[in-house]
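These notes are about the structure you will find just below.
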Amino acid sequence: MADERIFLKIWRTVTRVPRGRVATYGQIALMTGLPRGARTVGWALRALPGDGRVGGVKVPWHRVINARGAISDRGGAGDGGIGRQAAVLRREGVAVSPDGRIRLGRYLWRGDRRPS
DNA sequence: CGTATGACGAGCC
DNA sequence: AGGCTCGCCATAC
């Protein structure tokens with residue numbers, strides 16, 4: 001497991017984000033054990049297979065957005081782009097403004113907070 | 001083995 | 001307030 005690729009760990013963390021909620025790259029990185037690895041999270045999601053499925057498990061990459069509460073622009077969009085991600089999120093109940101912004105205060109997943 | 005890249009983030013101008 | 005630069009980390013080449 002020590003040899004486990006960072007990507008796999010990241011994907012696993014992303015899988016924890018519940019439907020109807022979103023998480024930031026930095027948040028995922030932190031939960032994966034990479035305090036300053038937000039960019040690495042983006043790299044990992046970029047490396048996801050087309051069907052977004054790993055080991056038979058669907059990775060909800062669309063629930064990961066940047067710290068500004070906006071959907072990251074991969075410049076062109078190989079998978080359909082920002083519009084597609086926004087559509088999926090809305091389908092899950094997340095309000096996405098026309099310019100792709102999301103209210104973090106309302107939809108950000110707080111799963112990293114240890115419930116007392 | 002060194003350089004370049006990128007779905008980020010925080011700080012500075 | 002808005003935009004630009006620098007820093008971080010794990011891959012790709």
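Within every chain, numbering begins at 1; the chains are lettered A, B, ... in the order of the sequence lines, protein sequences first and strands thereafter.
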Any donor-acceptor pair under 3.5 Å linking the side chain of A/Q27 with the backbone of A/L108? no

Is A/V57 linked to A/L48 within one hydrophobic cluster, defined over Ile, Leu, Val, Met, Phe, Trp and Tyr using a side-chain heavy-atom separation of less than 4.5 Å? no

Kindly list each side-chain donor-acceptor pair under 3.5 angstrom involving residues 93-101 of chain A, sequence neighbours excluded, with atom names and distances?
residue: A/S97; atom: OG; partner: A/D99; partner atom: OD1; Å: 2.5
residue: A/S97; atom: OG; partner: A/R101; partner atom: N; Å: 2.9
residue: A/S97; atom: OG; partner: A/R101; partner atom: O; Å: 3.2

Here the gap from A/Y107 atom OH to A/R63 atom CZ, rounded to the nearest 0.5 Å, amounts to 14.0 Å

[X] has an atom [atom1]; how far is it from atom [atom2] of [N], in whole Å?
X: A/R46; N: B/dT5; atom1: CZ; atom2: P; result: 15 Å
X: A/Y25; N: B/dC8; atom1: OH; atom2: P; result: 5 Å
X: A/I71; N: B/dC8; atom1: CD1; atom2: P; result: 12 Å
X: A/I10; N: B/dG6; atom1: CD1; atom2: P; result: 17 Å
X: A/I82; N: B/dC8; atom1: CD1; atom2: C1'; result: 14 Å
X: A/L30; N: B/dA10; atom1: CG; atom2: P; result: 11 Å

Base versus backbone protein contacts along nucleotides 8-13 of chain C [heavy-atom cut-off under 4.0 Å; B, S, -]: BBSS--

Who pairs with A/T40 by side chain to side chain donor-acceptor pair (under 3.5 Å), at least two apart in sequence or on another chain? none

Using side chain to side chain donor-acceptor pair (under 3.5 Å) as the criterion, list what pairs up with A/T15, not counting sequence neighbours. none

Could you list the donor-acceptor pairs under 3.5 angstrom formed by side chains in residues 31-39 of chain A, with sequence neighbours left out?
residue: A/T32; atom: OG1; partner: A/T13; partner atom: OG1; Å: 2.9
residue: A/T32; atom: OG1; partner: A/I28; partner atom: O; Å: 2.6

Start with the C-alpha distance between A/R74 and A/Q85, add both sets of side-chain angles, then the distance that settles side-chain contact (heavy atoms from CB on, under 4.5 Å), and finish with yes or no. CA-CA 11 Å; A/R74 23 272 207 232; A/Q85 184 170 350; 3.2 Å; yes

Stems involving DNA chain B: give each as a range paired with a range, ordered by first number, where a stem means at least three consecutive Watson-Crick or G-U wobble pairs under 3.5 Å. B:2-6 with C:9-13, B:8-13 with C:2-7

